[in-house]
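This chain uses plain numbering: 1 for the first residue, then up along the sequence.
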Amino acid sequence: MQRVGCTMLWIVLISLACGLPAGFLALGLSSAGAATLVRAQVRAEIVSQAIGRNPTMWRFEELRLTELLVRLPVEMPDENSAVLDLNGNVLAESTHDPRPPVLVRKVVLFDAGTAVGLVRVRQSWRDLAMHTAWVFLAGLVMAMTVLFAWRRWEENLRSSATALFDQQERARVTLRSIGDAVITTDADQRIDYMNPTAEHLTQWTLAEAQGRLLGEVCVLIDESTMEALIPPVEKAMREGRVIDFEGKDVALVRRDGTSLAIEDSAAPMHSEGGQIIGGAMVFRDVSSTRRMAQRITWAATHDALTDLINRREFEKRVETALLSAQNFSRHHVLCYLDLDQFKIVNDTCGHAAGDALLKQMAGVLQSHLSDSDTLARLGGDEFGVLLENCSLDQARLTATNLLTAVREHRFLWEGRTFTVGVSIGVVPIAADTGNRAEIFAAADSACYVAKENGRNRVSVYHRSDADMAQRRTDMHWAARLTSALHEDRLVLYYQPYLALGQNSSHDRHIEVLLRLIDEDGELVAPGSFLPAAERYDIMPAIDRWVIRSVFSRYKGLLAEMGAPLTCAINLSGTTLNSEGIFEFIQQQAQEFELAPGAVCFEITETAAINNMRHATEFMRKVKSLGFRFALDDFGVGTSSLAYLKTLPMDYLKIDGSFIRNIANDAIDRAMVDTINRVGHIMGLLTVGEYAESQSVIDELRSLGVDFAQGYAVARPQPLPVQPLPAPPPT
């Protein structure tokens, strides 16, 4: 086609450049030749008439002949006429000399039918030649114009073709190189193109798939239901818009039967006139991404150690069960399980053994539950069971079976055998149960009562149960204490010691006491909230707040009360065993530059004895910072005198149960005397607590006790000097 086009172009160009002037010249010459011939014929006719009138003399009448040639018809300036004899000799000729080139036409002269001569007419066609030249130039210009236009058109066509080729090539390269699979179809959903990625994912080659229906090559299913899905191209072409499978986990069934998780979309393809001529489907392999998302989702709802659902997911399911109870009057039961003796295994054999035991317990518990029951690990050694559509009697039976299964299980670790028990709190979930928090609080209370009543038993929650009511009160206090810490509603009081002997007369001692300002601005004594703080592990945060407050006030207290001054601060057993307490005390001491002997920490005999090794190590480290220790409430524990040899104490505070009746009870007086003597032998200073009368103070002085503390000495009063502002400790 391109060659034919070029041939036609050259024919047109040659026709314009050469044919046009040649035709013009030919027509001009033909016309001029005809006109010249007519003029020659007219002159020949006139001369022939003259010959007829004078046959013998016409040859010699040159002037007459010349006049005839010039006048009839009138000779043009570029024309020359002549009369010739038969031999070609000129008999008469006009004077004009036409400029070459010339046309020559001759006509025979007759006399009575006999040829006697010739009339010759020469006509110049110089003007015609000039006109032909102009026509040639015009044709050449037209040819050049056509050639230029052709070249431009050809160049534009070539550029368009190149651009189209480049665009198509880029599209082909892009489709071949992108990571997404691309399949295009015609209007009947038959495949006409697949890129290499689509070939790889579907396991069909383009040659094999071309012409086949898309649904035959690209089989899609819903991963969650395993139902077949229609390829989105059909809907995209039907609705004329982009379609994807939002909200569905789509999988592609490959040619070998395996499946891949994919994300896909489809769009219709339109012709220039806007008609749908096919569709395109784009998809990519998201198997790893979807597996990762599934793992993240699973991790967010499950316990990594036991593979059971975690507390958050369990709470959601309990919330759902509660809604069904409220809206449809259904009955469910929540069981709260806390393993007994788990700490023995964990402390004796290590955390690896504890983890292994928890895994085994998860399996033991799950094996005694139905598929409709939900078992969760709530944290530590605590588990939760949700029994849906279950009566309270059925729940008791299930809880008893779980208790028996745990009790009969034998845990083997490195040749040793352990048994554990479980305390179970059972709470019915009905329309009037309350909210989710109240359900968990009730379950926790019931479980705590089971532990208090001897462990390894089932306790069912009843609203009228006194122990559970106290448990709820403690939980309520726990929430209030947390708010008080953050709202800075804890305040400090103090109670001074009275020096009774000569050894302590120069030292001033005070014990720092804690109070709480409630939401109504009333002062609350520690006996109301400290048990809840101990039970719910809030004491470490409270004790840290007290330590920082006293340390920050100490220099102000020295200026207010005089030196030397020792401030006694109580440390709870949970604080004594909490992580990082020594580092906290060390950091506070450095920050506020406390002098040696400025603070004496008081710990109870029970707290010290429960973890003797840790308590001894902690006390020695704190004493290395220049602080002192007092053993509080001494005398109410077991083997108290024996433990005094181990603990690095400075003060011995005799329990108030012996002090109150010392003036009236000889046995109490003897006990105080014995403790005081042992303390002095060990180099300790003794303090008699609860000295509530002058007679008690006199008895303490007579026995040689070093200090007295109680209402008879002074009542608690607000600690002067405000602390430095600081956020509540965590």
Side-chain angles (χ1 to χ4, degrees), residues 160-298 300:
S160 299
T162 302
L164 180 60
F165 176 80
D166 292 344
Q167 185 177 2
Q168 292 175 340
E169 185 64 19
R170 281 194 297 270
R172 283 193 294 268
V173 171
T174 301
L175 291 176
R176 292 182 64 86
S177 61
I178 62 175
D180 288 357
V182 179
I183 301 178
T184 61
T185 71
D186 59 16
D188 297 325
Q189 297 185 52
R190 294 189 179 275
I191 296 174
D192 55 27
Y193 176 76
M194 296 172 64
N195 70 348
T197 304
E199 291 180 320
H200 171 70
L201 295 184
T202 61
Q203 296 181 337
W204 287 79
T205 65
L206 176 58
E208 294 170 330
Q210 207 163 30
R212 293 179 180 268
L213 289 172
L214 178 61
E216 183 181 348
V217 174
C218 192
V219 180
L220 304 180
I221 61 172
D222 186 337
E223 275 190 328
S224 58
T225 63
M226 302 304 293
E227 295 180 354
L229 298 174
I230 299 175
V233 169
E234 178 181 340
K235 187 176 181 181
M237 290 194 296
R238 183 174 65 251
E239 299 182 6
R241 63 183 183 91
V242 177
I243 298 294
D244 57 23
F245 279 124
E246 293 182 357
K248 292 185 179 180
D249 291 335
V250 182
L252 168 70
V253 180
R254 310 173 78 189
R255 195 172 185 180
D256 63 358
T258 60
S259 63
L260 292 174
I262 64 168
E263 288 182 352
D264 66 338
S265 62
M269 294 190 298
H270 298 84
S271 66
E272 187 175 356
Q275 294 182 341
I276 295 178
I277 58 174
M281 177 177 170
V282 181
F283 58 96
R284 62 179 179 275
D285 182 6
V286 294
S287 299
S288 59
T289 304
R290 191 171 294 170
R291 283 195 299 269
M292 179 63 72
Q294 291 170 347
R295 284 197 295 269
I296 293 173
T297 302
W298 187 91

Item checked: Met281 side, atom CE; Thr185 side, atom OG1 - distance, nearest 0.5 Å -> 10.5 Å
Item checked: Beyond-backbone contact of His200 with Asp285, side-chain heavy atoms, under 4.5 angstrom -> no
Checklist line | From CD1 (Ile262) to CZ (Arg284), nearest 0.5 Å | finding: 10.5 Å
Notebook entry, point to check: For the side chain of Asp188 and the backbone of Arg190, is there at least one donor-acceptor N/O pair under 3.5 Å apart?
Noted result: no
Next item on the list: State, to 0.1 Å, how close Ala181 and Asn195 come at their nearest heavy-atom pair, and which atoms those are.
Entry: CA-OD1, 3.6 Å
Next item on the list: Hey, could you give me each pair passing salt bridge (Lys or Arg N to Asp or Glu O under 4.0 Å) that has a residue in residues 200-209? Not counting sequence neighbours.
Entry: Glu208-Arg255
Check: Arg290 side chain to Leu260 main-chain N or O, any donor-acceptor pair under 3.5 Å?
Finding: no
Next item on the list: State the CD1-OG1 distance between Ile183 and Thr202, to the nearest 0.5 angstrom.
Entry: 5.5 Å
Notebook entry, point to check: Between Gln210 and Asp192, is there a donor-acceptor pair closer than 3.5 Å when you use the side chain of the first and the backbone of the second?
Noted result: yes
Next item on the list: Please round to the nearest 0.5 Å and tell me the distance separating atom CE of Met269 and atom OG1 of Thr184.
Entry: 5.0 Å
Check: Would a distance-only check, ignoring hydrogens and angles, find a side-chain to backbone donor-acceptor pair under 3.5 Å from Gln203 to Asp256?
Finding: yes
Margin query: I need the Ile221 CD1 to Ser259 OG distance, nearest 0.5 Å.
Written below: 5.5 Å
Margin query: For Leu206 versus Met194, what's the shortest heavy-atom pair and its separation?
Written below: CD1-N, 3.3 Å
Next item on the list: Might you point out which heavy atoms bring Ile276 and Gly240 nearest each other, and give the distance in Å?
Entry: CD1-CA, 4.2 Å
Next item on the list: Calculate, to the nearest 0.5 Å, the distance between atoms CD1 and NE2 belonging to Ile277 and His270 respectively.
Entry: 9.0 Å
Note to self: I'd like to know whether Leu220 forms a side-chain contact (heavy atoms from CB on, under 4.5 Å) with Leu252, so could you lay out the CA-CA distance, the side-chain angles of the two residues, the decisive distance to 0.1 Å, and finally the verdict.
What the structure shows: CA-CA 5 Å; Leu220 304 180; Leu252 168 70; 3.9 Å; yes
Using residues 225-237 as the side-chain source, report each donor-acceptor pair under 3.5 Å to any protein atom, sequence neighbours left out, with the distance given to one decimal.
residue : atom : partner : partner atom : Å
Thr225  : OG1  : Glu227  : N            : 3.4

Next item on the list: Answer yes or no: does atom CD of Glu239 have more than 12 heavy-atom neighbours from other residues, nucleotides or ligands under 6.0 Å?
Entry: yes
